[in-house]
Amino acid sequence: MPPSRLSFQLEAQASDSRARAATFQTLHGVIKSPLFMPVGTQATVKAQLPEALEAAGSQILLANTYHLLLRPGPEVFRKMGGIHRFMKWPGSVLTDSGGYQIFSLPHSRSMTEAGAVFQSYVDGQRILLSPELSIQTQMAIGSDIMMVLDQCIPSTADEKAARAALQVTQRWAVRSLAAREESPQSMFAIVQGALYPQLRRESAEGLMQMPFDGFAIGGLAVGEAKQEREDVCELTAALLPADRPRYLMGVGTPLDVLEAVHRGVDMFDCIIPTQVAKRGSCFTSRGIVELRRSVYKFADEPLDPMCSCPVCAKYSRAYLHHLTKTQEPLGWQLMGQHNIHFYHELMREIRQSILEDRFLKLYQEKRQ
RNA sequence: GGGUAGAUGCCCGAGUGGCUAAAGGGGGCAGACUGUAAAUCUGCUGGCUAACGCCUACGCUGGUUCGAAUCCAGCUCUGCCCA
């Protein structure tokens, strides 16, 4: 296999856990893992300024090919010189392929060998999202890391459906690599196979034959129990090459992330920190704080006294409570900023503990 | 002073003889959200009780009726119009 385009460097491997710390190089800079990618579906992390993300320690954002294909469309990215310049984000970007939208969008129509047929929610037109169109779009967007189009199915799917999905994903992976042509962008493959160990193995082994720059674990956090998720994650991560980043797609809660790092995963993304911020839920050193609760009406204290983020330095719980109750956009912004900071701080803490080979201890403390 | 419209649960508001502890909102309480179409979705929300059930409730007082938030009378208060 050719060397990864990401120059993946393993820095530390925990002695009593599969947790590991690494650095790698994208077209936009050096990245340190384990890491969390805020989700910026539509070329914006909802309610967040790029400078706030940068200050919180975001290294790489996730954007979505399907949504950006529909609007503003690839030609805008070509004209504007790519997503980084377009949204004024200096860091790295990973684009998801649209595979998840096959699973999540109500207007998805049909799956064929050619691709997935959607009805656009923008103008109703039928769109065939093929592996080639996904990659061409991701090239236009200009992300640092492209994802292959995969067929994401509910984790509770039966074996026959799961096998079919992973086999399609496999063939689409071949086509995706070919579609990249001369682009310097990196590309990750996605392991599928629902909750069947044999299928996960089959999927991983097939994809590892091809020169991908990293490997993702897909099809989790889509209906299975926590224990099942962790088992499949553990099994799959162990199959993947040690010299490539491992990315658990769409996961998860802080605890999910901790569990997955322990099982050898390097990269994560999740909508949770920005999604729940909209409804006033915040992660703190003392657990989740639901700021919509009236008990915070007169709470003249920071959201989390242990937190070093600008929001906790400046604003009271009472103010954040008020912003949530009145559904003021600033509340979403501030609480999202805090939550993203919380995730990054967690990842920094995890990474530092791995570098000092005390991850397992941290893991055990955090699980309590 | 005269006329007229109204007074419903924490708030707004529907109901206009029995199916009404009373629609629907809001507020409150609780929960969900994991590669984000959708600031969304789901419970509960008079009191006591584990529950059966009991009590209290549609401005106040009385009346009609087997039965009244709903009909009648008087009163109180509020909005609007006229003097």
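Please read these numbers as outputs of a predicted model, since none were measured by experiment. All chains are named by letter (A, B, ...) in the order of the sequence lines, taking the proteins before the strands, and each is independently numbered beginning at 1.
Here B:G35 is the nucleotide among B:G35, B:U40, B:A38 with the atom lying nearest to any side-chain atom of A:D269. Considering only side-chain atoms of A:H67, the nucleotide from B:A32, B:G35, B:U36 that sits closest is B:U36. For A:T253, the side-chain atoms get nearest to B:U34 when compared with the rest of B:C33, B:U34, B:A37. Taking the side chain of A:K278 as heavy atoms from C-beta on, and the options B:G35, B:A39, B:C33, the nearest nucleotide is B:A39. Considering only the side chain of A:Q192, B:G35 comes nearest among B:A39, B:G35, B:U36. Here the nucleotide nearest the side chain of A:M249, chosen from B:U34, B:A39, B:G35, is B:G35.
In this structure, A:Y66 has its ring center under 6.0 Å from that of A:F118. Checked against a 6.0 Å centroid threshold, the rings of A:Y343 and A:F36 count as neighbours.
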All N/O pairs under 3.5 Å across the protein-nucleotides 27-31 of chain B interface:
residue, atom, partner, partner atom, Å
B:G28, OP1, A:K325, NZ, 2.7
B:G28, OP2, A:K325, NZ, 2.6
B:G28, O3', A:S294, OG, 3.1
B:C29, OP1, A:S294, N, 3.1
B:C29, OP1, A:S294, OG, 2.7
B:C29, OP2, A:S294, OG, 3.4
B:A30, OP2, A:R293, NE, 2.7
B:A30, OP2, A:R293, NH1, 3.1
B:G31, OP2, A:R293, NH2, 2.8

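Residue A:G219 is in base contact, counting any heavy-atom pair closer than 4.0 Å across all strands shown. At a threshold of 4.0 angstrom between heavy atoms, the contacts of A:N64 are confined to the sugar-phosphate backbone, with no base atom among them. Across all strands shown, A:L94 has no heavy atoms under 4.0 Å from either base or sugar-phosphate atoms.
As rounded to the nearest Å, B:G28 and B:A69 have P atoms that lie 31 Å from one another.
Nucleotide B:C71: paired with B:G63 (Watson-Crick or G-U wobble, both distances less than 3.5 Å). The pairing partner recorded for B:G24 is B:C12, the criterion being a Watson-Crick or G-U wobble arrangement whose two distances lie under 3.5 angstrom. Partner assigned to B:G1 is B:C82, using Watson-Crick or G-U wobble distances below 3.5 angstrom. A 3.5 Å limit on both hydrogen-bonding distances identifies B:C77 as the Watson-Crick or G-U partner of B:G6.
For the residue pair A:H28 and A:S92, no side-chain donor N or O sits within less than 3.5 Å of a side-chain acceptor on the partner.
Remark: P of B:U36 and CD of A:Q42 are 10 Å apart, rounded to the nearest angstrom.
Of the two residues contacting RNA chain B, namely A:K46 and A:G250, the nearest-nucleotide position lying further toward the 5' end is that of A:G250. Residues A:Q151 and A:E328 each lie close to RNA chain B; by heavy-atom proximity, the contact nearer the 5' end of the strand is made by A:Q151.
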For residues 285-298 of chain A, tabulate all N or O donor-acceptor pairs below 3.5 Å that involve a side-chain atom, not counting sequence neighbours.
residue, atom, partner, partner atom, Å
A:S285, OG, A:D304, OD1, 2.8
A:S285, OG, A:D304, OD2, 3.2
A:E290, OE1, A:S281, OG, 2.6

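Applying the salt bridge (charged side-chain N to carboxylate O under 4.0 Å, His left out) test to every pair with at least one member in residues 166-195 of chain A, sequence neighbours left out, gives these pairs: A:E113-A:R171, A:E132-A:R175, A:R180-A:D213.
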- Query: Checking salt bridge (Lys or Arg N to Asp or Glu O under 4.0 Å) for the pair A:E259/A:R229: CA distance, chi angles, key distance, verdict?
  - Reply: CA-CA 10 Å; A:E259 295 288 357; A:R229 172 157 68 247; over 6 Å; no
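Proximity of a side-chain donor or acceptor of A:S58 to a complementary backbone N or O of A:L53 within less than 3.5 Å is detected.
Residue A:T274 places a side-chain atom within donor-acceptor reach of the base of B:U36, judged by atom type and a 3.5 Å distance cut-off alone.
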